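Below is one structure; the comments refer to it alone.
One is the number of the first residue; the rest follow in order along the sequence. The structure presented is a predicted model; accordingly, all values stated were derived computationally and were not measured. Just follow the structure's listing: the first ligand is 1, and inside any ligand the first atom is 1.
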Amino acid sequence: MIRYALACDNGHTFESWFQNSAAYDKQVKRGLIGCPACGSTKVEKALMTPGLSGTRKRGTRAPVPAHDAPAPTPETPAAVSEAPSPVAMMSPQEREFRKKLKELREHLTKNADYVGPKFPEEARKMHYGEIEHRSIYGEASPQDAKDLHEEGIEFHPLPVLPDERN
Ligand SMILES: [Zn+2]
């Protein structure tokens with residue numbers, strides 16, 4: 001078994017166990033690995049370096065041990081600064097849900113307009129009534145996604161179909 005640190009396209013990091021690296025490749029390609037935080041199947045291996053979590057800037061409040069603090073006990077793990085990641089066990093219901101997501105994606109991509117990187121722009125125009133509402137899909141960077149959320153614009157990560165990755 002191998003444990004991989006993974007990251008989704010929304011910058012969430014989590015860990016998962018795999019039989020071997022081939023099993024990991026296969027599961028990612030089939031979209032079987034989903035982010036436990038947002039459900040995105042755009043997942044890739046991540047470096048679990050403390051502080052490196054996507055593009056999001058957190059405040060500089062890294063815990064710095066005070067000089068006069070009592071010495072840590074010998075059994076303190078070395079990686080204390082690593083923040084815990086959200087993890088999940090996949091139940092049959094979740095697998096079914098994932099299948100539904102794929103169906104939803106197929107439906108969406110058949111019936112919605114692909115606007116590519118213009119997604120944030122188009123979503124805003126619709127939100128502010130500049131153009132008529134319709135179903136669209138495209139790409140948004142984590143920063144775009146954050147901005148759109150802050151403006152109260154509702155949208156969802158689109159599940160990735162396995163044949164789109166290789
Ligand atoms: Zn995520």
Side-chain angles (χ1 to χ4, degrees), residues 1-63 79-109 112 114-124 126-127 135-166:
M1 296 287 280
I2 312 175
R3 189 178 63 170
Y4 281 138
L6 305 172
C8 79
D9 59 334
N10 289 319
H12 305 123
T13 53
F14 55 101
E15 293 182 1
S16 206
W17 287 93
F18 300 93
Q19 206 67 38
N20 50 46
S21 68
Y24 162 81
D25 289 338
K26 207 159 78 181
Q27 289 183 47
V28 166
K29 275 185 189 164
R30 289 186 182 169
L32 295 175
I33 302 161
C35 170
C38 69
S40 170
T41 54
K42 276 193 187 174
V43 165
E44 55 189 24
K45 277 183 233 174
L47 293 168
M48 290 292 277
T49 313
L52 183 90
S53 61
T55 53
R56 198 160 304 179
K57 289 267 191 300
R58 296 240 167 80
T60 51
R61 273 187 293 139
V80 278
S81 60
E82 255 182 55
S85 303
V87 289
M89 294 285 287
M90 201 68 69
S91 72
Q93 286 88 339
E94 258 86 33
R95 290 185 196 282
E96 185 61 24
F97 177 63
R98 191 181 298 283
K99 208 176 104 199
K100 291 258 162 54
L101 276 181
K102 285 184 182 172
E103 286 166 12
L104 171 66
R105 182 194 167 96
E106 273 166 29
H107 180 82
L108 266 176
T109 51
Y114 178 70
V115 294
K118 282 169 71 187
F119 180 87
E121 193 185 321
E122 292 290 299
R124 272 198 189 90
M126 275 190 247
H127 183 73
S135 293
I136 57 168
Y137 69 106
E139 287 102 43
S141 70
Q143 185 58 51
D144 285 332
K146 192 168 164 276
D147 291 345
L148 290 172
H149 271 305
E150 276 166 12
E151 287 172 54
I153 299 171
E154 202 186 323
F155 63 95
H156 306 277
L158 200 55
V160 179
L161 285 178
D163 58 11
E164 285 178 333
R165 298 184 70 107
N166 44 55

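Looking only at atom types and distance, the side chain of Glu139 has a donor-acceptor partner in the side chain of Tyr114 under 3.5 Å away. If you check the side chains of Gln93 and Ser91, you find a donor sitting under 3.5 Å from an acceptor. Side chains of Asp9 and Ser40: a donor on one and an acceptor on the other come within 3.5 Å.
The count of protein N, O or S atoms under 2.8 Å from the Zn ion (ligand 1) stands at 4, with waters excluded from the count.
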**OP:** Go through the steps for Arg124 and Asp147 under the test side chain to side chain contact (heavy atoms under 4.5 Å, CB included), then give the verdict.
**Re:** CA-CA 10 Å; Arg124 272 198 189 90; Asp147 291 345; 3.7 Å; yes
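Under 4.0 Å is where a charged nitrogen must lie from a carboxylate oxygen, and between Lys102 and Glu106 no such pair does.
Between Phe119 and Tyr137, the gap from one ring centroid to the other reaches at least 6.0 Å.
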